[in-house]
There are 2 protein chains.
Amino acid sequence: MTVADLHADHCGDKPDCKHGRGGCDDCKVRLFSVCAALEPDELEEMGHISQVKNFPAKTMLFDQGAQAGAVFNVTEGVVRLYKSLPDGRRQIVGFALPGDFLGLALMDRYGVAAEAVSPTRVCRFSRSTFLSFVDGKPHLLRRLHEFAGHELSLAQDQMLLLGRRNADEKVAAFLLNLQARYARIGAKSVTVPLPMSRQDIADYLGLTIETVSRTLTKLAKEKALVVVPDGVRLLSIDRLDNLAAA
Amino acid sequence: MTVADLHADHCGDKPDCKHGRGGCDDCKVRLFSVCAALEPDELEEMGHISQVKNFPAKTMLFDQGAQAGAVFNVTEGVVRLYKSLPDGRRQIVGFALPGDFLGLALMDRYGVAAEAVSPTRVCRFSRSTFLSFVDGKPHLLRRLHEFAGHELSLAQDQMLLLGRRNADEKVAAFLLNLQARYARIGAKSVTVPLPMSRQDIADYLGLTIETVSRTLTKLAKEKALVVVPDGVRLLSIDRLDNLAAA
DNA sequence: CGGTAAGTTGAATATTGTCAACTACCGTGG
DNA sequence: CCACGGTAGTTGACAATATTCAACTTACCG
């Protein structure tokens with residue numbers, strides 16, 4: 001897993017394109033994903049019921065409120081998960097990175113919409129097939145539940161951020177958080193790629209695009225970071241940590 | 001289940017007081033709680049491993065970050081779940097009502113703190129005992145996972161509220177939400193009890209106590225509601241719905 | 001009663017949002 | 001290869017919403 005995997009190479013612009021190569025055995029995210037709970041024979045079966053699929057940037061994986069026909073395991077790329085108000089205001093509730101599972105709740109409708117931020121590759125499972133697969137595999141269900149618990153915990157952190165932190169703190173926490181998540185999947189670096197737009201960041205942090213931009217400029221002036229193309233380089237983790245202080 | 005059950009009668013001020021009476025059979029929240037997934041014999045066993053416990057208002061059930069020694073099923077009362085920043089800022093991430101389960105994630109540490117808002121009664125389970133109990137009962141684990149998925153969905157709604165709604169919309173959504181939750185547990189009424197303080201409401205909505213107060217006054221002036229002791233009476237659901245518009 | 005905690009209201013302030021102009025970047029096509 | 005057009009991002013001036021600080025009222029409990 002490298003920073004390069006934040007962008008899946010894809011076959012032209014076709015949203016689906018099955019690659020013959022690569023089963024679950026050499027899947028780069030297997031150990032971070034729900035699949036790590038599986039025995040070798042189960043993993044084999046998992047490979048049979050899944051379908052590799054590519055989504056170019058800006059394409060939608062599924063829409064909020066739609067019948068949940070499938071669940072997904074992200075293997076490459078970045079996905080934004082969001083909710084919208086009727087008047088167009090948008091709140092991004094999370095960015096899914098390689099290893100993340102979409103449709104964790106296993107509910108019959110999607111609670112959020114999902115769009116590829118960068119070219120994305122996923123393992124796709126029909127929801128009903130996946131449900132049958134899970135049935136009778138309590139260890140997999142336990143793993144899914146662990147993931148859900150983790151998601152819930154992240155959501156609660158984000159509530160604290162949205163409700164009680166100012167713009168500086170929000171941006172600092174966001175960058176450190178993203179850095180930590182990249183590190184977990186093996187892309188440890190002080191240069192944090194930001195494949196998502198300023199608007200995405202704003203909609204994630206409950207700010208406007210202008211405030212995000214100003215805050216980054218301010219942090220750059222303070223020598224806490226440098227804005228680079230499609231990312232930031234963190235200069236003073238201390239300074240940022242201090243702002244983000246959990 | 002009535003509005004009265006939002007306050008548990010309790011034995012003096014002792015935080016623990018086992019009532020001999022009442023097993024799971026005549027539990028008022030059984031059908032709303034995780035227990036509804038259980039077979040009669042399992043329910044019987046559940047009764048044996050649980051302990052009824054009372055928490056007077058303002059007492060803490062558990063603290064953020066503490067070793068998760070127990071999980072709880074709330075049967076009466078209201079509990080606030082919150083996270084705090086080092087400087088004292090607080091974000092309430094949810095209010096638990098009768099039927100709600102605390103410690104759903106089954107993680108080894110509590111991610112949030114929990115305090116009784118009103119006198120509260122719970123079924124308490126040692127976490128390890130509960131884990132053993134769940135082990136080998138996939139239908140119960142499924143039920144817990146459903147609850148977790150629901151919690152996650154609520155958390156995402158709350159993110160949208162915190163990040164993208166103004167004060168009026170926040171308060172209106174909060175009141176309607178609470179009314180709907182009371183209705184689900186059988187306390188349907190246009191008079192919405194507010195056992196929690198204005199500070200609690202503010203910390204839940206990402207506002208200050210003054211803004212909450214002003215907003216309620218404003219909505220009262222608009223004849224959308226009337227502020228009554230320990231609650232509000234909703235006069236114009238339409239007007240509030242319009243503000244809260246999901 | 002008297003004292004404390006909770007809630008309301010007002011005036012001033014501040015942070016963030018809005019609107020608008022401007023700049024940088026990137027791919028396309030002449 | 002450079003010009004063009006479009007998108008994304010930055011910056012500035014001003015406005016608005018919510019916060020802060022403070023006074024005051026009300027309700028509650030001993």
Side-chain angles (χ1 to χ4, degrees), chain A residues 7 13 56-58 80 85 87-91 115 117-119 161-175 193-222 225-232 243, chain B residues 7 13 56-58 80 85 87-91 115 117-119 161-175 193-222 225-232 243:
Chain A
H7 294 52
D13 281 325
K58 298 181 191 177
R80 57 175 166 252
L85 288 171
D87 63 4
R89 283 176 289 176
R90 183 180 74 154
Q91 178 66 41
E115 270 176 19
V117 169
S118 54
L161 178 145
L162 289 168
R164 289 301 181 215
R165 297 181 117 122
N166 64 29
D168 292 1
E169 295 170 332
K170 285 178 177 182
V171 172
F174 169 66
L175 296 175
L194 296 175
M196 67 291 288
S197 69
R198 294 289 188 271
Q199 187 63 63
D200 285 341
I201 298 174
D203 286 347
Y204 182 58
L205 300 178
L207 298 171
T208 58
I209 182 174
E210 293 94 336
T211 300
V212 171
S213 185
R214 275 188 253 272
T215 304
L216 286 174
T217 303
K218 184 179 159 198
L219 291 173
K221 279 192 183 132
E222 292 175 6
L225 55 80
V226 185
V227 179
V228 298
D230 302 311
V232 293
L243 280 173
Chain B
H7 293 53
D13 281 324
K58 298 180 190 177
R80 59 176 163 251
L85 289 171
D87 63 6
R89 284 175 289 177
R90 184 180 71 152
Q91 178 66 41
E115 270 176 19
V117 168
S118 53
L161 179 145
L162 290 168
R164 288 301 181 217
R165 298 182 118 124
N166 63 29
D168 291 2
E169 295 170 333
K170 284 179 177 182
V171 171
F174 168 67
L175 296 175
L194 296 175
M196 67 291 287
S197 69
R198 293 288 187 270
Q199 186 64 63
D200 284 341
I201 298 174
D203 285 348
Y204 182 57
L205 300 177
L207 298 171
T208 59
I209 182 174
E210 294 95 333
T211 300
V212 171
S213 184
R214 274 187 253 272
T215 303
L216 286 173
T217 303
K218 183 180 160 198
L219 291 173
K221 278 190 183 136
E222 292 174 7
L225 55 80
V226 186
V227 179
V228 299
D230 302 311
V232 293
L243 281 172

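The sequence lines fix the lettering, A, B, ..., with proteins before strands; numbering per chain opens at 1. This one's a predicted model, so the numbers in the text were calculated from it and none came from an experiment.
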| request: Just call it for A:L207: base, sugar-phosphate, or nothing, with non-hydrogen atoms closer than 4.0 Å on any strand. | output: sugar-phosphate
| message | Are the side chains of B:K170 and B:I201 in contact, using a 4.5 Å heavy-atom criterion? | response | no
| request: Please examine the side chains of A:D200 and A:R90, heavy atoms only from C-beta on, and report whether any two atoms are closer than 4.5 Å. | output: yes
| query | In this structure, are over 12 heavy atoms from other groups packed under 6.0 Å from A:D230 atom CG? | reply | no
| query | How many angstroms lie between atom CZ of B:R80 and atom OG of B:S118, to the nearest 0.5 angstrom? | reply | 10.0 Å
Starting at atom [atom1] of [X], determine the distance to atom [atom2] of [N], rounded to an integer number of angstrom.
X      : N      : atom1 : atom2 : value
B:D203 : D:dA18 : CG    : C1'   : 15 Å
A:R164 : D:dT19 : CZ    : P     : 7 Å
B:I209 : D:dC21 : CD1   : P     : 14 Å
B:R214 : D:dT25 : CZ    : P     : 17 Å
B:L216 : C:dA6  : CG    : P     : 17 Å
B:D230 : D:dT26 : CG    : C1'   : 13 Å
B:N166 : C:dG17 : CG    : P     : 13 Å
A:R198 : D:dT7  : CZ    : P     : 18 Å

| said: Between A:T211 and C:dT16, is there a contact of a side-chain N or O with OP1 or OP2 at under 4.0 Å? | reply: no
| So, is B:T208 near the phosphate of D:dT20, with a side-chain N or O under 4.0 Å from OP1 or OP2? | no
| query | Between A:E210 and B:P229, who's closer to the 5' end of DNA chain D by nearest nucleotide? | reply | A:E210
| remark: Heavy-atom nearest nucleotide on DNA chain C taken for A:A167 and for B:V227; more 5' hit belongs to B:V227
| query | In terms of side-chain heavy atoms of A:S197, which of C:dT8, D:dT10, D:dG9 is nearest? | reply | D:dG9
| query | Within the distance-only criterion (no hydrogens, no angle test), does the side chain of A:T215 pair as donor or acceptor with the backbone N or O of A:T211 below 3.5 angstrom? | reply | yes
